[in-house]
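Within every chain, numbering begins at 1; the chains are lettered A, B, ... in the order of the sequence lines, protein sequences first and strands thereafter.
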Amino acid sequence: MLKKGDIALVILLVVAVIAGLAGIRFYRGGMKGDRIAVIKQENKVIREINLDEVQEAERLSLTGDYNNIILIEKGRIRFEESDCPDLVCVHTGWLDKTGSFAACLPNKSLIMIKGEGEEVDGATY
Amino acid sequence: MLLMIYVSFILASCQQNTPAERIGTYMGTVITEKVYGKNAQKAADEVMEKIAELEAMMTIKDADKQSEIDKLNDMAGVGEVKLSRDSISVLGKAIEYAELSEGAFDVTIGPLANAWGIFTDNPRVPSKDEIDNLKSLVNYRDISINNADSSAYLARKGQIVDLGGIAKGYAGDVAVEILKAKGVKSALINLGGNVVALGSKPDGNPWSIGIQNPRAPTGEYIGIVKVRDKAVVSSGDYERFFEKDGVRYHHILDPRTGYPADSGLIATTIVADSSTDADALSTSVFVLGLEKGMQLVERLDGVDAIFITEDKKVYITEGLKESFTFKDESKEFTYVEER
């Protein structure tokens, strides 16, 4: 027979579980669905940025064999300038979707927005 | 008590469904991984380390270091060179595909690839004389492999092996081996456009792979193929090219002519169990053209293909009818369902 005390205990436990799960989400930083951009140079992480929490535009300079300027704005990121020979990185334009990336191969630098792609999981090119 | 078990189950499955992701620049391109499961991060890291090793073994003409394939090339016409089992495997497969494609795929393309310089900052159109001379150095039959000794030999001075058309494919198969050994059942790896899908997605669904529109910016597709445990690799005239005097020269040389392949195709995609096979075949059928390419694919078990012609028609093999969805937003392509 379920006593009143038992029901109270169950409710308490359920609330605790929900609070716990919510806590984990917030602790990880940002809300689920936030776009986290990762910037790498020579395969080392330079910075990770939560694009959805960006307040002011920011420029970041990457120097290797060549120089890249990365522009970070709320919700999007791109290679803005580069002195590499082919400028593929700059021509890729803005990244704002999860799973998208841009690379400057001559400078061994890249930007990626982590997470699942929206329309497809991957693509050939 | 039950609640605690339930909660830990939820937390564990949350972990399982958040993939370990890695991205890096290796083998002259961008490599991305999405790996699911308990050992996902370790497995993903091990794959990247192995890819870095393969890069060191197989990349040629890197100013900073000499790879074992560079050594093989330097010793052409001189003597044999000891190679890793990985390089021996790739060379073996390369010869297999050269035979299968009757020379349309040939890794001894090196001297011609150098002359065109398409992967450098200074591509050029070589003279006909230059091309004729260099063509004589292109012959996969001049590669001999000694399996027992783990060595190989290039018969003639000036010959150059370039594994660009197969190395990424091989890396994909090696990656899958590593992931499986770590108990991974679900992963998606992309090696510069070569896609390898291990298992299904965590929700049991197949992986959706976009097929690049050869005439639109990267990220726009002409269709989607849904796969489980398959490699999906494309080759096309849009990937790497230069223009001179209004003519476009792309990077997929026809070893038999010495010029960029002019087979009537602008893109090919192969779907196969092995990533090495898919890589070598996508180049092979691009050079062979629609008719011969189709014939080759239809002779092979477990291999399917998508062909896109220069008049913007899309053809697929029978085996893809269920898993391929034609979806062209540019509305410039026509899907030909019956041949």
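- Ranked by heavy-atom pairs under 4.5 Å with chain A, the list B:Pro217, B:Gly28, B:Gly192, B:Ser235 is led by B:Gly192.
- For chain A, no part of B:Lys226 is nearby; none of its heavy atoms comes within less than 4.5 Å.
- Considering CD of A:Glu116 and CD of B:Glu21, their distance stands at 8.0 Å, rounded to 0.5 Å.
- Summarising the geometry, atom CD belonging to A:Glu119 is positioned 6.5 Å from atom CD belonging to B:Glu329; distances are rounded to the nearest 0.5 Å.
- Enclosure of atom CD in B:Glu243 by more than 12 non-hydrogen atoms of other residues, nucleotides or ligands within 6.0 angstrom is indicated.
- In this structure, A:Ile111 CD1 and B:Ile23 CD1 are separated by 10.0 Å, a value rounded to the nearest 0.5 Å.
- A:Asn43 contributes a side-chain N or O that, together with a main-chain N or O of B:Thr25, makes up a donor-acceptor pair within less than 3.5 Å.
- In the displayed structure, A:Lys74 atom NZ is contacted under 6.0 Å by more than 12 heavy atoms of other residues, nucleotides or ligands.
- Contact annotation for B:Thr32: only side-chain heavy atoms (C-beta onward) come within less than 4.5 Å of a heavy atom of chain A.
- Within the 4.5 angstrom heavy-atom criterion, atoms from both the backbone and the side chain of B:Ile211 approach chain A.
- One distance of note links OG1 of B:Thr18 with NZ of A:Lys114; it measures 11.0 Å at 0.5 Å rounding.
- Of all non-hydrogen atoms in B:Tyr238 and A:Tyr125, the two that sit nearest each other are OH-C, 3.9 Å.
- In this structure, B:Gln212 and A:Thr124 approach most closely via the heavy-atom pair CB-O, 3.3 Å.
- Using a 4.5 Å cut-off between heavy atoms, B:Asp121 contacts chain A through its side chain alone, with no backbone atom that close.
- Between A:Asp121 and B:Lys201, the shortest heavy-atom distance links the atoms OD1-NZ, 2.8 Å.
- The choice from A:Gly115, A:Ala103, A:Ser109, A:Pro106 that makes the most heavy-atom pairs within less than 4.5 Å of chain B is A:Gly115.
- Only the side chain of A:Lys40 has a heavy atom closer than 4.5 Å to any heavy atom of chain B.
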